[in-house]
Structures are given as C-alpha cells and as structure tokens.
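In what follows, a single structure is set out as structure tokens and then discussed.
We number each residue from 1, following the sequence as shown.
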Amino acid sequence: MRHRHPRVHRFARQVTPFAALLPMALTVIVGYLGTVLWSLRISLTNSRSFPSDTLVGMAQYTRLFENERWLLSLNNLALYGVLFIGACLVIGFLLAVFIDQNVTGEGVLRTIFLYPYAMSFVATGLVWQWMLTPGNGIEQAAHQFGFAGFSFDWIVDQDMVMYTVVIATVWQASGLVMAMMLAGLRGIDGEIWKAARLDGIPAWRVYLSIVLPMMWPTIATVLLLLTTAVVKLFDAVVAMTQGGPGTASEVPAKFIMDHLFGRANIALASAGAVVLLVPVLAMLVPYAYARSRKGRA
C-alpha cells in the first residue's frame, strides 16, 4: 500500500478545515453580503415594482426622511428600544440572581421562564392582543373579581399602544436574557462571595460593583441580541395592532414591508432597509473588534 508524501498529507490537513467552511463562507458572501449590496444598489435607483438600472443618487433617502410615516416609525422604534432593552436587562438579571440562589426546583423555573421565548412572536402577539383588548382578557377578569370600574384600553389608545407591544415582547424575551445572565453568574468565582461576606459588604453592592463589571462580555452579547430584536420588530406589532390605531404603532420593518409588497416601491423599501442596517453595524462592529482583540490577547 502506497503512503502519501508527508508534504501532501500536511497540505491536506491544512486545507480540509477551509474546505469544510467553504459552503458557509459562500452562504455568507452570497446570501448576506450579496443581498445587502443588492439592496444598497436598488436604493440608489428609481425602481418601483421591478428593479431598474436608472440611478437617482440619494433621492430615495431624501424621500424617506421626508415621509412622516417613516419618521413616526423611527420615533416609535426609539421609544420601544429604550423600554424593551432596559426592561429585559433588569428583569432578566433579577430572575438570574433569583435562580442563582440554589432555589428548589431550579430546573423547572428555568424552563418556565425560558418557555415564552420558544413561542413565535405571532402567537405571543395574538394572545396579548386578546388579553389587552377592552372587554376581554385583563379587563374582563378584573370585572369578574368585582372591579366594575376597571378599564385598561392601552391597545386602542394612540399614546399608549407602543407600551403594550413592550409588555408583550419583554414577557417573551426576558427568559432568554435570564438564561444568558445566569450562565454569566455561574462563571463568577465563588471566592469573591466568600471574601465579600468576610468584609461585610452588602450583596447589592457586590452585584453592582464587582459582579456586573465582570459580566460585561455577557451583557455586551445580550445587548447585541436585544438591539437586533428591536431593529427587526415586525411580527408582534402586526399580530397585536396592525400598526394601529391609525399609524400609532408603526415601526420601520412594517413600513418597509408595506412599501415592498403593498405599494410596489422596492427602491424606497430598500432605502429603509439600508438605514435599519446602520444601528446593527454600529453595535456589531465594535463588538466583533473587541472580541478579536481579546482573542489575540
């Protein structure tokens, strides 16, 4: 039996991992970068129902930011993002701290808290729509318990409707944050807690001054995931409010989908998609750079 030359064998070992990664690399280059570049090019044209080669420069972006509906969607997204990310971080961290106390039935509690994230946002939205609709759900239950004057009509109130979307999505996403925070807490050296108890440092001060700074990599990952979830908010809004009442709960992703499929304006929709990519890159690039520097160190 002939043996391969050592150089050939060494070359094969070096090339094999890259060959295995080639399909994924092609997927990223063609499926992700290719579509991003295609969207960018379309946003610079006057395309309507079908792509056009006629370039109009930044005209679509000018039209986009002159559109009151788009500006309203950005305001709604900013409000939603601040409340959603803040609430998920606080609730997720508190749930993780609670479970980290070696409570009885820890596995069951983890499953209960994480289960909502396994549900689709469409199902979540429909359930919360029923719960928050006046005369149903929460309001009906309060009336049955004797609170005849109780009223909860946020979902049909133009000033309050975005808060109902926050409530529903925080309920769903907090479990994932809890799981990630719990993993970070379990990575903290137990000797730190022993030293803190010996020094008489209150538990809240240990969490605030020692534990949270040590968990920064975990928090950064959670922030990246939550920011991405904010930018692509669509199905929960469609399921709960359809962007209403009126356009009070309009969000950028719904604006893009409406113009892409409903109004046959793929150039304007592509411009909106490119704009939405900016905050994701603003989070992803520094995060990837920090991770690469840490890996080299």
What's the spacing between L95 CG and R110 CZ if we round to 0.5 Å? 13.0 Å
To check you understand the geometry: which heavy-atom pair defines the closest contact between V103 and L109, and what is its length? CG2-CD1, 3.7 Å
Let me check something: do V238 and L276 share a hydrophobic cluster, defined by ILVMFWY side-chain heavy atoms less than 4.5 Å apart, either directly or through other members? no
Once you round to the nearest 0.5 Å, how far does CG of L208 lie from CD1 of I201? 12.0 Å
Does the side chain of L44 come within less than 4.5 Å of M58's, by heavy atoms? yes
Tell me whether E191 is salt-bridged to K194, with the criterion being a basic N under 4.0 Å from an acidic carboxylate O. yes
If hydrophobic clusters are built from ILVMFWY residues whose side chains come within less than 4.5 Å, do M131 and F121 share one? no
What about M257 and L268, same hydrophobic cluster or not, with Ile/Leu/Val/Met/Phe/Trp/Tyr joined at side-chain heavy-atom distances under 4.5 Å? no
Distance (rounded to the nearest 0.5 Å) between F93 CZ and L182 CG: 11.0 Å
Carboxylate-amine/guanidinium contact D100 R186, below 4.0 Å: yes
More than 12 foreign heavy atoms under 6.0 Å from CZ of F65: is that the case here? yes
pair L72-N76: side-chain heavy atoms closer than 4.5 Å: yes
Surrounding CZ of F234 (heavy atoms of other residues, nucleotides or ligands, distance under 6.0 Å), is the total greater than 12? yes
Please tell me if the side chains of I219 and M181 come closer than 4.5 Å, counting only heavy atoms from C-beta onward. yes
Report the distance from atom CD1 of I91 to atom OG of S174, rounding to the nearest 0.5 Å. 4.5 Å
Any heavy-atom pair between the side chains of Y61 and V274 that's under 4.5 Å? yes
4.5 Å side-chain heavy-atom contact, F255 and L64: yes
Which residues share a side chain to side chain donor-acceptor pair (under 3.5 Å) with R41, sequence neighbours left out: D53
If you measure from CD on Q172 to OG1 on T124, what distance do you get to the nearest 0.5 Å? 3.5 Å
With hydrophobic residues grouped by side-chain heavy-atom distances under 4.5 Å, do F84 and L224 end up in a single group? yes
Rounded to the nearest 0.5 Å, how far does CG of L89 lie from CG of L212? 10.0 Å
Does one hydrophobic cluster hold both V90 and L185, with members joined at side-chain heavy-atom distances below 4.5 Å? no
Less than 3.5 Å apart, which donor and acceptor atoms pair up between the side chains of residues 24-40 and the rest of the protein, not counting sequence neighbours?
| unit_1 | atom_1 | unit_2 | atom_2 | d |
| --- | --- | --- | --- | --- |
| T27 | OG1 | P23 | O | 2.9 |
| T35 | OG1 | G31 | O | 2.8 |
| T35 | OG1 | Y32 | O | 2.8 |
| S39 | OG | T35 | O | 3.0 |

Run through T169, T164, I167 and flag the one making a side-chain contact (heavy atoms from CB on, under 4.5 Å) with W128. I167
Under a 4.5 Å cut-off applied to non-hydrogen side-chain atoms, are I138 and F150 in contact? yes
Kindly say whether G135 contributes a backbone atom to a donor-acceptor pair with the side chain of E139 at under 3.5 angstrom? yes
Any side-chain to backbone donor/acceptor pair from E250 onto S73? Under 3.5 Å, distance only. no
Do E68 and T247 have side chains that approach each other closer than 4.5 Å (heavy atoms only, starting at C-beta)? no
Between P134 and I155, is there a side-chain heavy-atom distance shorter than 4.5 Å? yes
